[in-house]
Amino acid sequence: MQRYVQTWSGDNRTNWTSLRYNIRMGLGMSLSGLYNVGHDVGGFSGDKPDAELFVRWVQNGVMHPRFTIHSWNDDHTVNEPWMYPSVTPAIRAAIELRYRLLPYLYTLLWQAHADDEPMLRPTFLDHEHDAQTFAECDEFLLGRDVLVASVVEAGQRERTLWLPDNQTGWYDFATQQWYSGGQWITLPAPLETQPMLVRAGAALPFSQRLRHVDAQADDRRTLQLYPLQAKGVSNGLVFEDDGESWGYQQGNALWLSWEMRSDAGAIHLSFTRKGDYQPAWKTLQIALPAGEQRQLFVEGVAVDSADAHVVLAQLASH
């Protein structure tokens, strides 16, 4: 199972308790080498979930490697994205977020395959020096960079969580506000959104394609930067291939490595590429957080942050 399969946590129940403890079960599976995991979103058996529970379950589920709405409800109903018209926009928004994040998820899957890096991570895995991360909680990391704070209680419209002490801080995914680590914060959690944060020093690749997965039609890519507030260097990887073949074994894939150097006055971004795969997107758009005032340099050239981009074909390979 560790080597070959995508799997799930078994036939769960359509209640809030399952939502909460499936998160912890998934983390245990991931730490045991079962990286490509998820849960039956909405619950598998029991009476159909109410509208609020269904929204929260979908918001949580899209941030797992495996996302499947699947059920055999005791009341002979079926969990479907459109089962409650009043919350269908919130369900749609959550699924669209997953499609936007697919390049990040795919890179994490590559790292799981190549380096045995868990995709789902308890917060203590990357912050073992922070004793608070060993306390029971409902948060988890998707990769090293995205902190997910799912809402797992009925009626909850705020979410209090501990920000792991990482010495660099965290950005609110929705507002792009920066917070220092090692503190409790409370974020708004209206039904339409799930609180998430991004590690300062990270950069997330986003797709603009929101329909079905099609590598040849996925022709726009954005790299959203989350720069360090203080002087420092961070780096990361974007992995892409055709999504179908074994070509990556012969180098027919794209390993795009980036390095971001930040100080008080500037942000310097540089790239190296490996592999001969040519994705449908030819230009990588670069985005900075709202309110970021530092000058951006891409490959040593000062650029207007409103029109920052890099042409893939012009990047040096190694």
Side-chain angles (χ1 to χ4, degrees), residues 9 15-31 37-39 41-42 49 52-65 67 87 90-91 93-98 100-101 104-105 108 118-128 130-166 168-202 204 224 226 289:
S9 54
N15 55 41
W16 289 94
T17 301
S18 284
L19 172 57
R20 165 172 273 159
Y21 285 97
N22 273 174
I23 295 173
R24 305 177 190 196
M25 188 175 184
L27 292 174
M29 294 169 73
S30 192
L31 288 177
V37 299
H39 316 286
V41 171
E52 181 187 12
L53 173 56
F54 188 55
V55 169
R56 294 309 194 188
W57 212 314
V58 171
Q59 290 171 344
N60 171 263
V62 298
M63 303 305 292
H64 282 67
F67 170 62
V87 297
I91 300 295
I95 295 174
E96 287 182 348
L97 174 61
R98 180 177 179 84
R100 290 179 59 215
L101 278 171
Y104 178 64
L105 284 160
L108 295 182
M119 300 175 71
L120 299 176
R121 309 166 75 95
T123 54
F124 65 74
L125 186 62
D126 298 291
H127 309 91
E128 62 180 19
D130 182 350
Q132 182 60 44
T133 64
F134 288 88
E136 249 190 300
C137 69
D138 299 311
E139 297 90 63
F140 64 93
L141 288 162
L142 179 61
R144 296 178 183 271
D145 297 334
V146 178
L147 178 61
V148 181
S150 295
V151 176
V152 295
E153 296 178 1
Q156 194 172 16
R157 296 297 183 266
E158 289 185 334
R159 183 65 159 79
T160 299
L161 68 147
W162 175 259
L163 289 182
D165 185 5
N166 60 1
T168 64
W170 301 85
Y171 286 87
D172 185 311
F173 184 85
T175 66
Q176 299 184 336
Q177 179 180 344
W178 179 84
Y179 296 90
S180 61
Q183 64 168 326
W184 292 97
I185 64 169
T186 299
L187 296 177
L191 186 60
E192 297 76 22
T193 62
Q194 171 173 253
M196 300 193 304
L197 296 107
V198 183
R199 180 182 62 84
L204 299 183
Q224 175 68 55
Y226 299 88

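The basis for the numbers below is simple: all heavy atoms, side chains too, and nothing from hydrogens, waters or symmetry mates. Throughout, numbering of the chain's residues begins at 1 and tracks the sequence.
- For L191 against V87, the heavy-atom pair with the smallest separation is CD2-CG1, 4.1 Å.
- A salt bridge is defined here as a Lys NZ or Arg NE, NH1 or NH2 lying under 4.0 Å from an Asp or Glu carboxylate O, and E139 with R121 fails to meet this definition.
- Residues P118 and L125 have side chains in contact (heavy-atom distance under 4.5 Å, counting atoms from C-beta outward).
- The neighbour count for Q156 CD, taken as heavy atoms of other residues, nucleotides or ligands under 6.0 Å away, is above 12.
- Side chain of Q59 to main chain of V151: no donor-acceptor pair is present (N/O by atom type, distance under 3.5 Å, no hydrogens or angles).
- Within the 4.5 Å cutoff, the side chain of P188 has no heavy atoms near those of the T193 side chain.
- Counting heavy atoms from C-beta outward, H64 and F140 have side chains that approach closer than 4.5 Å.
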What's the verdict on side chain to side chain contact (heavy atoms under 4.5 Å, CB included) for E52 and F54, showing C-alpha distance, side-chain angles and the deciding distance?
CA-CA 5 Å; E52 181 187 12; F54 188 55; over 6 Å; no
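- Panel note: side chain Y104, backbone L142; a donor-acceptor pair is recorded below 3.5 Å.
- You'll find the side chain of L120 reaches within 4.5 Å of the side chain of P65, heavy atoms only.
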Intermediate values then yes/no, side chain to side chain contact (heavy atoms under 4.5 Å, CB included), V146 and L141
CA-CA 6 Å; V146 178; L141 288 162; over 6 Å; no
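- No donor-acceptor contact under 3.5 angstrom links the side chains of H127 and T133, judged on distance only.
- The shortest side-chain heavy-atom distance between I185 and L197 falls under the 4.5 Å cut-off.
- A donor-acceptor distance shorter than 3.5 angstrom exists from the side chain of Q183 to the backbone of S180, with no hydrogens or angles considered.
- Salt bridge annotation for E153-R56: absent, with no cationic side-chain nitrogen under 4.0 angstrom from a carboxylate oxygen.
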Please determine whether side chain to side chain contact (heavy atoms under 4.5 Å, CB included) holds for the pair V198 and Q224, giving the CA-CA distance in whole Å, both sets of side-chain angles, and the decisive distance to 0.1 Å.
CA-CA 11 Å; V198 183; Q224 175 68 55; over 6 Å; no
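- Between the side chains of N22 and W57, no donor N or O sits under 3.5 Å from an acceptor N or O.
- With contacts defined as side-chain heavy-atom distances shorter than 4.5 Å, the pair W16/Y21 does not qualify.
- Under 3.5 Å, the side chains of Q194 and S150 contain a donor-acceptor pair of N or O atoms.
- Residue pairs meeting the salt bridge (charged side-chain N to carboxylate O under 4.0 Å, His left out) criterion with at least one member in residues 172-200, sequence neighbours excluded: D145-R199.
- Side chains of R159 and D138 form a contact here, defined as non-hydrogen atoms less than 4.5 Å apart.
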Side chain to side chain contact (heavy atoms under 4.5 Å, CB included) evaluation trace for L147 with W162
CA-CA 10 Å; L147 178 61; W162 175 259; over 6 Å; no
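- Rounding to the nearest 0.5 Å places OG1 of T186 at 8.0 Å from CG of L161.
- Residues F67 and I95 form a side-chain contact, since some pair of their non-hydrogen atoms from C-beta on lies under 4.5 Å apart.
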